[in-house]
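The next block holds one structure in the form of structure tokens; read it before the comments.
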Amino acid sequence: MSRKIGVYVCHCGSNIAGKVDCPGVAEFAAGLKDVAVSRDYQFMCSDPGQEMIIKDIRDYGLDRVVVASCSPRLHEKTFQKACARGGLNPYLMQHCCIREHCSWTTADPEEATAKARRIVEGAVKRVADHQKLYSREVGVLPDVMVVGAGIAGIQAALDIAKSGHKVHLVEKSPSIGGHMAQFDKTFPTLDCAACISTPKMVAVSQEPNINLMTWSEVEEVTGFVGNYTVTVLRKPRYVNEDVCTGCGACLEKCPTKAISEFNEGLGFRKAIYRNSPQAVPSTPVIDGNACKMITKGKCGACQKICPTGAIDYEMKETREVFHVGSIVLATGYDTMDPTPMREYGFGRYDEVYTALQFERLNNAVGPTEGKIVMKNGQKPEAVAIIHCVGSRDRNYHEYCSRTCCMYALKYDHLIKDKVGHDTMVYNFYIDMRCFGKGYEEFYRRVQEEGVTFIRGRPAEVVEEDGKLVVVGEDTLLGINVRLPVDMVILCTAMEPRPDATEVARVFGIAQGQDGFFLEEHPKLGPVSTATDGVFLAGTCQGPKDIPDAVSHASGGAAQALALAAKGTVSISPTTSWINPDICVGCRVCVGLCAYSAIEFDERRSVAVINEAMCKGCGSCAGYCPSGAAQIKHFNETQIFNEIDGLLGMIPGWLPPEMGGGEQPRATAEQPGDQA
């Protein structure tokens, strides 16, 4: 069947045209079979460029369009919408990439131009077999689920609740606040962390549109964008939240102690506990592994003293099911355990602390009531702070954790302020990265307070004559240093939470090379994910300080609200399709599908796709032994046609039924309409 194809080659300023002869590629495309018009333009994604495509569709009666420009991830939807405005089905357009796949990766201009020609030829051959596909609209449930109640999750939940939508806020810990609840001060203004976060935490507990579920985890997610079904596992608290008044009598009477996770192992808590006096909710929780009544059937002191009878040792875990239109993930980060870095002595020397441990030492409700002292109760006379422990390190994490420089500067000031201005404070750093508002000014302030900065990562921390000695090199002075100190603070890397892989599996999202959750696009989609209706907020997407985490959370909330406010969402038609005439009923695809989108029809003995749940990932099509599973818009004929164009005249590489054989490559001299 004869087609009328329009080809449009974008210069992308000099991004493509700097290496590729774009007019030459357009001229070459004009000679390809079925090409009715071929043009090049400096910025095809601009309004004039799009109007050019729309006008040609109408004037030439084009029934197919090929756009050769940047990545389809960036502008495929832009050109699909342009085709739709011109009256052409958007899926009769093929977007091929001659920027990332060609000009940016090919050094020689002649090779880049030749490669661009092959890419365009492949797209022209492919688009000839494109078929009309149609998106469909489905309704969006108004409720939203936010997973994780650190400062990012709190912000997202409050933003959504203010719009009048119901929010189900799920938190894995007994109380909300995340790591920010452990801090004493925040940089660079040195505001009280509790003074900032506690009002927001209280607002969450008092907001009627927020259903707060602490000590809970999301167990299963099914459904699709706008219509998710989420199963939440609620762990037994052994304290009835509806009856407890938070008086704290049970905390005083409990005789059993356990190591405090909230205090980073520096102190103890009771078997029945709450993380801090400001904890929200104020209802305590009983540690089932530490409580003697639960483990041995002996004690019951808390139950005897409770004036409201809130203690219930017979509580069991329960599951609740919620139906939501979208999900915001704000599961946060963890700090790296520096124990494997034995050169720094963490876990071997008493006075080597992680950053979070120092936060608890400095906190007024921490194990030392805010006094910066060593384990012997004495104040340190000299402190070394080592930056980038686990960050910017090929052996651990290659990325920068972004916050370490600034919280190290905060520690400098706090030590000088609380311990004494005559206390020696040494900062071992690689580069000082003070990028935020007011950060550079804070850096200068700390320098003026007499803190010593040594450029260079220490080789080791050793113990000599009862003193810690930091051994390293000052790379600016070009000398080796051995500094005796009383205390060492390790600025450990921010890293994904240990359960990040499991969380990614449950919610059907991807992780980047660094382990953090992967956004849809680093610039244009920083809060979206590849799974429609699931958004990211805060440090689960990557290291951030508090202002960036809060603003990122508001962005995630805005995306969720956009879905809820519109009330409908368009479902992409590029899903799998299983040919019932070919399917042999082996059921391999049923177990393979990551989205549970394939069911087995027992009556017909064939597999069937649930298009609402299918993401078009192609796993079933790639594995199906009978070839029954295909992806709409990416079927075998289309793919092989594109490969045929890319490879050119290679005899016998394709079977005849797939269009194989010797086919002469088109040249610019062959006839074709040029406009």
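A quick note: this is a predicted structure, and the numbers were derived from the prediction, not measured.
Look at Lys19 and Asp108 and you find no salt bridge, because none of the NZ, NE, NH1 or NH2 atoms lies under 4.0 Å from a carboxylate O. Comment: Glu502 engages Arg505 in a salt bridge, judged by a side-chain N to carboxylate O separation of less than 4.0 angstrom. A salt bridge links Lys632 with Glu611: the closest approach of a Lys/Arg side-chain nitrogen to an acidic carboxylate oxygen falls below 4.0 angstrom. Between Asp532 and Lys615 there is no salt bridge, since no side-chain nitrogen of the basic residue lies less than 4.0 Å from a carboxylate oxygen of the acidic one. One finds a salt bridge joining Lys125 and Asp644 here, because a Lys/Arg side-chain nitrogen approaches an Asp/Glu carboxylate oxygen to under 4.0 Å.
Here the shortest heavy-atom pairing between Phe600 and Gly585 reads CE1-CA, 3.7 Å. Ile54 and Ala82 make their closest contact through CG1-O, 3.3 Å (heavy atoms, listed as atom of the first residue, atom of the second, distance). Scanning all heavy atoms of the two residues, the minimum distance from His323 to Thr229 falls at ND1-OG1, 3.2 Å.
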*asked:* If you apply the rule side-chain hydrogen bond (donor to acceptor under 3.5 Å, both in side chains), what do you find for Thr106 with Glu111, and how did you get there?
replied: CA-CA 7 Å; Thr106 310; Glu111 290 182 7; over 6 Å; no

_Trace of the side-chain contact (heavy atoms from CB on, under 4.5 Å) decision for Val170 with Val146_ = CA-CA 6 Å; Val170 181; Val146 177; over 6 Å; no

*asked:* Thr403 vs Asp545, test: side-chain hydrogen bond (donor to acceptor under 3.5 Å, both in side chains). Steps then yes/no.
replied: CA-CA 6 Å; Thr403 60; Asp545 59 5; over 6 Å; no

*Yes or no on side-chain contact (heavy atoms from CB on, under 4.5 Å) for Val37 and Val7, after CA distance, side-chain angles and deciding distance?*
CA-CA 6 Å; Val37 58; Val7 178; over 6 Å; no

_Is there a side-chain contact (heavy atoms from CB on, under 4.5 Å) between Ile5 and Val124? Walk through the geometry before answering._
CA-CA 8 Å; Ile5 302 174; Val124 169; 4.0 Å; yes

_Test log, rule side-chain contact (heavy atoms from CB on, under 4.5 Å), inputs Asn635 and Trp577_ = CA-CA 10 Å; Asn635 61 44; Trp577 176 74; over 6 Å; no

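Proximity of a side-chain donor or acceptor of His552 to a complementary backbone N or O of Pro526 within less than 3.5 Å is detected. For Gln42 (side chain) and His11 (main-chain N/O), no donor-acceptor pair under 3.5 Å exists by modelled atom type. Panel note: side chain Ser572, backbone Thr574; a donor-acceptor pair is recorded below 3.5 Å. Side-chain N or O atoms of Asp143 include none that pairs as donor or acceptor with a backbone N or O of Val167 at under 3.5 Å. Counting only distance, with no hydrogens or angles, the side chain of Ser528 and the backbone of Phe535 share no donor-acceptor pair below 3.5 Å. Judged purely by atom type and a 3.5 angstrom limit, Asn15 uses its side chain to pair as donor or acceptor with the backbone of Cys12. A donor-acceptor contact shorter than 3.5 Å is absent between the side chain of Arg497 and the backbone of Asp334. At least one donor-acceptor pair under 3.5 Å links the side chain of Gln638 to the backbone N or O of Phe634. For Glu100 (side chain) and Ser71 (main-chain N/O), a donor-acceptor pair under 3.5 Å exists by modelled atom type. In terms of modelled atom types and a separation under 3.5 Å, the side chain of Arg3 and the main chain of Ala128 share a donor-acceptor contact.
A distance of 4.5 Å separates CZ of Arg99 from SG of Cys70, quoted to the nearest 0.5 Å. Distance check, rounded to the nearest 0.5 Å: CD1 of Ile327 to OG1 of Thr531 gives 9.5 Å. For the atom pair CD1 (Ile53) and CZ (Arg85), the distance works out to 9.5 Å, reported to the nearest 0.5 Å. In this structure, the separation between CD1 on Ile598 and SG on Cys593 is 4.5 Å, given to the nearest 0.5 Å. Atom CG of Leu561 and atom NE2 of His165 lie 5.5 Å apart (nearest 0.5 Å). Annotation: the span from Ser69 atom OG to Met44 atom CE amounts to 8.0 Å, rounded to 0.5 Å.
Atom CD of Glu110 is surrounded by 12 or fewer heavy atoms from other residues, nucleotides or ligands within 6.0 Å. Other residues, nucleotides and ligands contribute at most 12 non-hydrogen atoms within 6.0 Å of the CD atom of Gln131. The number of heavy atoms from other shown groups lying within 6.0 Å of NZ (Lys166) is above 12.
Cation-pi contact between Arg39 and Tyr8: absent, since separation from the ring centre below 6.0 Å together with deviation from the ring axis within 45° is not met.
For the 3.5 Å distance criterion, the side chains of His397 and Ser391 fail to qualify, holding no donor opposite an acceptor. Counting only N and O atoms by type, the side chains of Arg64 and Gln94 include no donor and acceptor under 3.5 Å apart. Residues Gln511 and Thr501 bring a donor and an acceptor atom of their side chains to less than 3.5 Å of each other. Counted by atom type alone, Thr113 and Asp21 present zero donor-acceptor pairs between their side chains at under 3.5 Å.
Less than 6.0 angstrom separates the ring centroid of Phe435 from the ring centroid of Tyr439. Aromatic ring centres of Phe516 and Tyr399 lie closer together than 6.0 Å.
Under the 30°/60° scheme for interplanar angles, the aromatic rings of His633 and Tyr91 are found to stand perpendicular.
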